Amino acid sequence: MPELPEVETIVRFLREGRDDKPSLYGFRIEKATVLWERSLAFPKLEEFLQNISDQIITSISRRGKFIRVELQNNYFIIHLRMSGDLWVEPETTPPGLHHRWMLHFGNGWRLAFNDPRKFGRAWMVADDQSILGNLGPEPFDKTLTADAFFKQLHHCRRQLKPLLMDQTFLAGLGNIYTDEALHLAKLHPMLVSNNLSEAQCAKLLAAIRQVLREGIVRQGASIDWVYRGGDFQKYFRVYQRTGKPCPVCTTPIERITLGQRSTHFCPICQKM
DNA sequence: ACGAGCGCCTGTCGGC
DNA sequence: TGCCGACAGGCGCTCG
């Protein structure tokens with residue numbers, strides 16, 4: 001489920017609690033259980049189990065699509081990839097079929113990483129920049145001005161769709177929000193970055209921020225069988241709407257493959 | 001520098 | 001009903 005709005009929703013929930021679930025701030029990790037070893041990218045299992053025990057969660061934040069849990073001695077960083085999710089649940093619940101690891105707090109609660117497709121990864125590292133250091137700017141960063149974004153787009157010569165999904169260019173967009181932003185900005189996904197005018201670049205940045213804001217307000221999108229969180233899927237303009245009318249001009253939405261990913265756009269609103 | 005192909009995984013859905 | 005391919009919110013790798 002993870003693009004910026006879904007990850008942001010999960011981070012807020014872990015930080016603030018939701019419904020009957022507590023905030024994890026200040027929780028002491030009594031011990032961890034790893035059920036699928038490949039979910040742990042670093043360090044080796046033994047070292048991880050030993051070093052995570054007895055540490056206290058001091059903060060929880062998001063960088064791009066990564067979740068950064070700050071502990072006293074180091075960072076626990078999680079990437080949900082395609083199907084990962086984090087559940088706060090009582091220890092009395094039987095572990096789910098797709099649980100890959102769990103942090104036990106010894107107070108009746110645990111944090112479980114549920115990930116049917118097993119693509120998700122977690123790292124425990126002293127320096128968070130060893131994992132997050134190559135990420136591009138945050139879309140809402142105030143220093144990312146229209147002018148800076150124009151320069152970034154003109155610094156390379158790439159199709160907009162794969163470029164916007166490149167996390168070293170901009171951190172947080174995935175397949176859904178890229179398609180949605182390009183439609184809102186009325187830009188064809190195959191347009192080449194350094195051909196955009198200043199006005200088009202400014203419009204694209206504004207569109208990216210708008211769709212991400214909408215996604216966060218709706219608490220993310222829930223599609224398929226993963227992530228039953230928000231309802232942004234009810235408001236998709238183009239994503240997974242092949243053949244359905246464009247919300248602006250009613251022309252049927254088209255689907256092509258770009259950068260190995262299905263790409264949805266309106267052939268009238270988003271001309272080459 | 002850039003894009004395409006593929007691998008990693010499990011699950012769902014539509015067609016036959 | 002069962003089988004089979006296509007497809008799914010990501011990303012790292014190789015190969016042209």
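Just so we're on the same page: letters track the sequence lines, and every chain starts at 1. Because the structure is predicted, anything quoted here is derived from the model rather than measured.
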What closest approach, in Å, do A:Cys156 and A:Ser193 show between heavy atoms, and which atom pair accounts for it?
O-OG, 3.0 Å

Single-linkage hydrophobic cluster, 4.5 Å side-chain cutoff, A:Leu86 and A:Phe105 together
yes

Nearest-nucleotide pick for A:Cys156, side chain only, options being C:dC11, C:dG9, B:dC2:
B:dC2

Distance, rounded to the nearest Å, where A:Leu258 contributes CG and B:dG3 contributes C1':
10 Å

Considering only C:dG10, C:dA8, B:dG5, which nucleotide approaches the side chain of A:Arg261 most closely?
C:dG10

Taking only the side-chain nitrogens and oxygens of A:Lys118, find out if one of them lies under 4.0 Å from OP1 or OP2 of B:dC8.
no

Integer angstrom distance from the C1' of B:dA1 to that of C:dG10
22 Å

When the P atoms of C:dT1 and B:dT10 are compared, how many Å lie between them, rounded to an integer?
25 Å

To the side chain of A:Arg255, which of C:dC11, C:dC7, C:dG9 is closest?
C:dC7

It should be established whether A:Lys65 places a side-chain nitrogen or oxygen under 4.0 Å from OP1 or OP2 of nucleotide C:dG10.
yes

Which part of the nucleic acid, if any, lies within contact of A:Arg157, taking any heavy atom under 4.0 Å across all strands shown: a base, the sugar-phosphate backbone alone, or nothing?
sugar-phosphate

Tell me whether the NZ or CZ atom of A:Arg18 lies within the 45° cone about the ring axis of A:Phe13 and under 6.0 Å from its centre.
yes

Roughly, in whole Å, what's the span from NZ in A:Lys161 to P in B:dC2?
18 Å

What integer distance in Å separates A:Arg117:CZ from C:dG12:P?
16 Å

Can you tell me how far C1' of C:dC11 sits from CG of A:Leu80, to the nearest Å?
13 Å

What's the spacing between A:Phe149 CZ and A:Leu204 CG if we round to 0.5 Å?
4.5 Å

Please answer: with hydrophobic residues joined when any side-chain heavy atoms are less than 4.5 Å apart, are A:Phe169 and A:Phe140 in the same cluster?
yes

Between C:dC11 atom P and A:Glu3 atom CD, what is the distance in whole Å?
9 Å

At less than 4.0 Å, is any side-chain N or O atom of A:His98 found next to OP1 or OP2 of B:dG11? Yes or no.
yes

Ring centres under 6.0 angstrom apart (A:Phe48, A:Trp101)
no

Run the numbers on A:Phe232 and A:Tyr239 for ring-ring contact (aromatic ring centres under 6.0 Å, His included), then give the verdict.
CA-CA 11 Å; A:Phe232 185 60; A:Tyr239 185 77; 9.9 Å; no

Send over the distance from A:Gln159 CD to B:dA4 C1', rounded to a whole Å.
10 Å

At under 4.0 Å, does any side-chain N or O of A:Ser83 touch on OP1 or OP2 of B:dC9?
no

Nucleotide C:dC11, atom C1' - distance to CZ of A:Phe66 in whole Å
9 Å

Among the candidates B:dG11, C:dG9, B:dC9, find the nucleotide nearest to the side-chain atoms of A:Leu97.
B:dG11

Are the ring of A:Phe119 and the base ring of C:dC11 both nearer than 5.5 Å at their centres and tilted by less than 30°?
no

Tell me the interatomic distance from A:Leu153, atom CG, to B:dA1, atom P, rounded to whole angstroms.
17 Å

Proximity to the side chain of A:Gln260 - top-ranked nucleotide from B:dG5, C:dC11, B:dC9:
B:dG5

What contact category does A:Tyr177 fall into here, base, sugar-phosphate, or nothing, at under 4.0 angstrom with non-hydrogen atoms?
nothing

How far, in whole Å, is B:dC9 from C:dC4 if one measures between their P atoms?
22 Å

Would you write the dot-bracket representation of DNA chain C, where each base gets (, ), [, ], | or . depending on whether it forms a Watson-Crick or G-U pair under 3.5 Å and with which partner?
.|||||||.|||||||

Short N-O contact, A:Arg63 and A:Asp128, less than 4.0 angstrom
no

